[in-house]
Amino acid sequence: MRLAVPLEIDAASLATWRQGVPVIAMDGETMGTTWRIRLAPPPGFDREAAHRAIEARLEDILAQMSHWRADSLLGRFNRANAGTWFTLPADFAAVVAAALAVAERSAGAFDPAIGALVDIWGHGPVAIERPPTVEEVERARAASGFMRLVYEPGTRQLRQPGGLRLDLSGIAKGYAVDALAALLAAMDCHHALVEIGGELVGRGLRPDGDPWWVDLETPTQDVAPLRLALHQLAVATSGDYVRGFHTIDPRSGMPVEHAMAVSVVHPSAMIADAWATAFGVLSPASVRALASVECLCVRLVCRCGSGVSEWISPALAAMIEAENGGSA
């Protein structure tokens, strides 16, 4: 078992750490999956009130950004007439700003404006009876693309160019993980592991002094397992080994077939989520080049000819070497 640890310990987290506190577990359902939290509670922690606050926070995010709810703000934007401007609430605005930044830096491998493509491939709220034709893919591509969007961050206004459908499923789950971690911090709970559907963030330390250990998703026995210390870090994984070829390349409109699993480690689960989505689209060579330029911690497991290969970015390799005495 290989181990990856952060290169620094956050001194501020030690100030609130308490040894021997029983770990509390909470869970529920959201975004078509489950949420789970393990936390070391501070004195006076009200578990029932915290659970209600978590559910309310998730409901607020869904009401804004759910691709599956017709009455969500995203749903209303997708149905709006050309030229309509929407003033976004703070959550939606933060996700759109981050999504557009990653879309630009990944040259469109990540794109929040491919709802039409997602829908025709049957990954949206409406089931399909057959795969789309080439003509249907081209029509959906013509109506899609983040370059068609106009966003004014100063006023948080987003313009519907006409016929464009947002799909934030490649970033909103990560944002929700960050939001729950921030909510817990506001309750003076600084030591917790938060997960939504496999996207995780770890804050502080466990009561035994260990970090929150998680195993990266490893879809094949041909690759050695990798265990990550989530101390003030998040990890998101994208791939097709569970749900089949469900990742759509925004540039071609076609499903991607090479990426089995790509994990990105970052302080923000939202950013990790978006980059994992982008790297699940890009070719292995492009992943290696872009991850190195962006100094991102990435583990890519992909199909290579008749076999499987693994690539670990220099930034993640440094975390592994720190724990394993110079051998990644």
Side-chain angles (χ1 to χ4, degrees), residues 95-118 121 123 137-138 140-141 144-149 166-175 198-199 216-220 222-223 226 234-266 268-317 328:
V95 172
V96 165
L100 292 177
V102 176
E104 182 74 27
R105 287 156 59 187
S106 68
F110 174 82
D111 194 329
I114 61 165
L117 285 166
V118 170
W121 281 103
H123 304 315
V137 170
E138 289 305 309
R141 283 184 63 220
S144 303
F146 74 99
M147 297 297 290
R148 298 187 64 216
L149 288 169
L166 293 174
D167 178 4
L168 301 176
S169 59
I171 190 171
K173 191 164 57 173
Y175 180 80
E199 323 291 25
L216 294 191
E217 297 180 39
T218 303
T220 172
D222 298 328
V223 174
L226 179 56
V235 62
T237 299
S238 178
D240 60 25
Y241 69 97
V242 174
R243 295 169 51 197
F245 299 145
H246 71 280
T247 300
I248 305 300
D249 186 338
R251 302 162 303 176
S252 67
M254 302 299 291
V256 177
E257 300 184 5
H258 58 265
M260 296 181 69
V262 56
S263 298
V264 178
V265 182
H266 194 276
S268 163
M270 174 179 66
I271 300 301
D273 196 6
W275 276 114
T277 303
F279 290 147
V281 165
L282 291 170
S283 69
S286 296
V287 172
R288 291 192 291 268
L290 187 55
S292 298
V293 168
E294 295 285 342
C295 296
L296 292 169
C297 295
V298 179
R299 197 279 295 266
L300 171 67
V301 179
C302 64
R303 299 176 183 88
C304 183
S306 59
V308 175
S309 67
E310 178 193 51
W311 178 77
I312 293 176
S313 71
L316 182 57

Is there a side chain to side chain contact (heavy atoms under 4.5 Å, CB included) between L166 and L149 once you walk through the steps? CA-CA 10 Å; L166 293 174; L149 288 169; 3.9 Å; yes

Write down the atom of [X], the atom of [Y], and the distance for their closest heavy-atom approach.
X: L296; Y: A315; result: O-CB, 3.7 Å
X: R251; Y: A107; result: CD-O, 3.9 Å
X: V281; Y: A109; result: CG2-O, 3.6 Å
X: A278; Y: F110; result: CB-CB, 3.7 Å
X: S268; Y: A234; result: C-CB, 3.9 Å
X: L290; Y: S106; result: CD2-CA, 4.0 Å

Can a donor-acceptor pair be found, under 3.5 Å and without considering hydrogens, that links the side chain of [X] to the backbone of [Y]?
X: D167; Y: G115; result: no
X: T237; Y: V235; result: no
X: D111; Y: F146; result: yes
X: R299; Y: A261; result: no
X: S286; Y: L282; result: no

- prompt: With W121, which of I114, T247, I248 fulfils side-chain contact (heavy atoms from CB on, under 4.5 Å)?
  reply: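 Only match with W121 under side-chain contact (heavy atoms from CB on, under 4.5 Å): I248.
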
### Query
For residues R288 and S313, is any side-chain donor paired with an opposing acceptor at under 3.5 Å?
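Side-chain D/A pair, R288 to S313: absent.
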
